[in-house]
Amino acid sequence: MTQPFVARAAIGTYLVVNLAVIHAMFIIAGPPAHNLFGQIGRLLGLYLAFTMTVQALLVARLPLLDRAIGMDRLTGWHRRTGFAVFWLAVLHPTFVILGFARYDKVSFLATFVTLSKQIPVLLGLIAVALIVLVVALSVRIARRRLSYEAWHAVHMLLYAVLVLGIIHQIYEGTAFTLNVLTEIYWWGLWAFALSALLTYRLIIPLIRNSRHRMRVAAVIPESDDAVSVHVTGRDLHLLGAKAGQFFLWRFPGHNRWWQVNPFSLSAAPNGRSLRLTAKAVGTTSAGLRDLPIGSRVFAEGPYGAFTMDQRSGTATLLIAGGIGVTPIRSLLEDPSLTGDVIVLYRVRSGADAVLLGELRNLAREKGARLHVLTGRTSDTNQPFTPANLQALVPDITTRDVYVCGPFALTNAILTTLNTLRVPPRQIHAELFRLAP
C-alpha cells in the first residue's frame with residue numbers, strides 16, 4: 001500500500017467522519033431557526049467553520065501530507081478549499097439574514113443593519129469581507145498583476161479571519177453547545193487545526209533556524225538574469241533535505257520579513273551547504289544578486305515530494321523548462337538516481353540555458369543522455385507534442401517522468417503524457433503553484 005494512497009485514505013476518512021458528526025449535531029440540536037432559510041444558514045455556518053479548520057490544516061504544511069502527496073498538490077487543494085470557504089462565507093450570512101427578515105417581515109437591508117449592530121455578528125461580517133478580498137486577489141487575472149510578495153502579504157489576512165471566526169462562534173454558535181461532549185469535540189477540532197498551524201508554520205521553523213544559523217556563503221551569477229546563492233550553517237544534515245525539494249526563503253535585513261519565496265535546491269544537499277538558483281522575476285529574486293556575504297537566512301522546509309522516493313521503476317526521464325531546471329539539475333546529481341536516464345532541457349536559446357555546463361558534466365558522469373531543445377515554439381517547433389516527444393523518447397511509457405517548468409509548458413507536457421498513456425504513478429510534476 002503506497003504512502004500517497006494511505007494519506008488520501010486518511011484525509012477522506014477524516015472528512016467523512018467529521019461531516020457525519022456535524023450533521024448529527026445539527027439534527028439533534030433541533031430547529032432554533034424560525035424558518036427554512038434560517039435552518040440552511042445555520043447548517044452552512046457549521047460547514048464554513050469546519051472548512052476553515054481544513055484550510056488551516058492545509059496551510060500548516062503537515063510533513064506527513066507533504067511527503068506523501070507533495071506541496072504542489074496540497075496547494076491545489078488549498079486553492080479549491082479557499083473557494084469553498086468563499087461561497088460558504090457569502091451564503092451563510094445571506095441565509096441567516098433572509099431567515100430573520102422573513103420572520104420579522106422586514107427588508108433584507110434593514111435586517112442586515114440591525115444584526116450588524118451586534119459585535120459578534122459584526123466581527124463575522126468583517127471576516128467575510130476579508131475572505132472576499134483575499135479570494136478576489138487570488139483569481140488568476142488579479143494574481144498576474146501581483147508580485148508573489150504582495151500576494152503572500154494579502155494572504156496574511158487569513159490569520160485575522162481565523163481569529164474573527166473563532167470569536168464569532170463563541171458568541172453565536174448553537175449546534176456544538178448541546179452538551180459538554182459536543183463542545184469538547186468542536187473546540188478539539190479547532191485546537192488540532194490551530195496547534196498544527198502554529199507548530200509547523202511558526203514553532204518548528206523558529207527552532208530549526210535557531211539551531212542551524214544559516215548564512216549566505218557565496219553569490220554566483222549564472223547568467224544575466226539568474227543567480228545562485230550558496231547557504232551554509234550548522235548541522236544542515238539534520239534538515240533531511242532531498243534533491244528536488246524546495247524551501248521558503250527569507251533574507252532578514254535584506255528584504256522585509258513578509259517577503260518570502262519558494263526556491264528549489266539547485267544542487268543535491270550534501271549536509272554542509274544548500275544552493276538555490278533563481279531568475280530575476282520578482283522583488284526578492286531580483287535582489288538576490290546583491291545579497292551581502294554573511295547575510296542571515298531564514299528558511300522554512302524542506303517541502304515537496306518531487307524526489308527520487310516517488311520513482312516506481314529504473315528508467316527515468318527528466319524534463320526541464322527554463323528556470324525549472326533547478327530541481328531537475330538537483331535530481332540528476334542525486335546518488336539514488338541510477339539506471340537509464342534521459343534529460344530534456346527546453347529553452348529559447350543556448351544563452352537562456354542556466355546551469356547547462358553542470359548538466360552536461362553530471363550527464364557525462366551518470367551516462368545520461370542530455371538533449372537541449374531550443375527555439376521559440378511555433379508550428380514547426382513543438383518538441384512536446386505526443387508524436388515529437390515519443391520520437392525523442394520511444395520507451396517513454398516505461399519511464400518515470402519528472403517535469404518542472406513554467407505552468408503552461410508543464411501543463412502541456414502533462415497533457416501529452418496523458419495522451420501517450422504514461423501511467424499516472426510514473427508522472428511527477430512540480431508546478432510551483434505557491435507562486436502567482
Side-chain angles (χ1 to χ4, degrees), residues 18 22 25-26 29 31-35 37-60 78 81-104 106-138 151-178 182-198 201-202 258:
N18 281 294
I22 287 170
M25 290 195 310
F26 174 76
H34 302 291
N35 51 49
F37 288 114
Q39 287 280 57
I40 293 173
R42 191 164 63 89
L43 181 59
L44 291 175
L46 289 172
Y47 286 162
L48 172 59
F50 175 64
T51 306
M52 287 174 65
T53 66
V54 173
Q55 187 72 300
L57 289 172
L58 290 174
V59 172
H78 161 68
T81 304
F83 283 109
V85 169
F86 166 77
W87 286 112
L88 290 169
V90 170
L91 293 173
H92 163 57
T94 299
F95 275 91
V96 170
I97 294 170
L98 282 172
F100 277 107
R102 182 161 183 157
Y103 178 74
D104 294 330
V106 296
S107 70
F108 181 92
L109 182 59
T111 304
F112 173 84
V113 172
T114 300
L115 291 177
S116 63
K117 292 177 181 178
Q118 302 174 30
I119 296 300
V121 175
L122 179 61
L123 294 178
L125 293 173
I126 293 173
V128 171
L130 292 177
I131 290 171
V132 171
L133 173 64
V134 172
V135 170
L137 293 176
S138 296
W151 176 77
H152 184 268
V154 168
H155 269 64
M156 299 295 285
L157 293 173
L158 292 176
Y159 293 106
V161 170
L162 289 174
V163 173
L164 293 172
I166 290 172
I167 296 173
H168 177 74
Q169 290 175 80
I170 290 173
Y171 290 97
E172 295 294 322
T174 56
F176 55 84
T177 58
L178 293 173
T182 56
E183 290 200 48
I184 291 174
Y185 161 76
W186 189 254
W187 294 118
L189 275 181
W190 276 96
F192 173 60
L194 294 179
S195 62
L197 188 63
L198 288 172
R201 293 299 302 275
L202 180 63
W258 64 80

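From a predicted model like this one, the values you see are computed outputs, not experimental measurements.
Expressed to the nearest 0.5 Å, how far CG of Leu157 lies from CG of Leu162 amounts to 11.5 Å. To the nearest 0.5 angstrom, Leu164 atom CG is 11.5 Å from Leu158 atom CG. In this structure, the separation between CG on Leu189 and CE on Met52 is 13.0 Å, given to the nearest 0.5 Å.
Using a 4.5 Å heavy-atom cutoff, the side chains of Asn35 and Gln39 are not in contact.
Shown here for Phe50 and Trp186, the closest heavy-atom pair between the two residues is N-CH2, 4.3 Å. Closest approach of Ala196 to Leu57, counting heavy atoms only: CB-CD2, 3.9 Å.
Not one N or O on the side chain of Asp104 forms a donor-acceptor pair closer than 3.5 Å with the backbone of Val106. The backbone N or O of His78 sits less than 3.5 Å from a side-chain atom of Gln55, completing a donor-acceptor pair.
Legend: residues meeting side chain to side chain contact (heavy atoms under 4.5 Å, CB included) with Tyr159, ordered by chain and number and at least two apart, are Val59, Met156, Leu197, Arg201. Residues passing the ring-ring contact (aromatic ring centres under 6.0 Å, His included) test with Tyr103 are His34, sequence neighbours excluded. Tyr47 is linked by a ring-ring contact (aromatic ring centres under 6.0 Å, His included) to His23, counting only residues two or more places apart in sequence or in another chain. Taking the side-chain hydrogen bond (donor to acceptor under 3.5 Å, both in side chains) definition, one finds that Asn18 meets it with Tyr185, sequence neighbours left out.
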Review point. When you look at Trp187 and Gln169, which way does the side-chain contact (heavy atoms from CB on, under 4.5 Å) test go after all the steps?
Key: CA-CA 10 Å; Trp187 294 118; Gln169 290 175 80; 4.0 Å; yes
Ignoring hydrogens and angles, write down the donor-acceptor pairs under 3.5 Å from the side chains of residues 108-127, residues two or more places apart or on other chains.
residue, atom, partner, partner atom, Å
Thr111, OG1, Ser107, O, 3.0
Thr114, OG1, Ala110, O, 3.0
Ser116, OG, Phe112, O, 3.1
Ser116, OG, Val113, O, 2.9

Less than 3.5 Å apart, which donor and acceptor atoms pair up between the side chains of residues 86-99 and the rest of the protein, not counting sequence neighbours?
residue, atom, partner, partner atom, Å
His92, ND1, Gly41, O, 2.7
His92, ND1, Gly45, N, 3.4
Thr94, OG1, Val90, O, 2.6

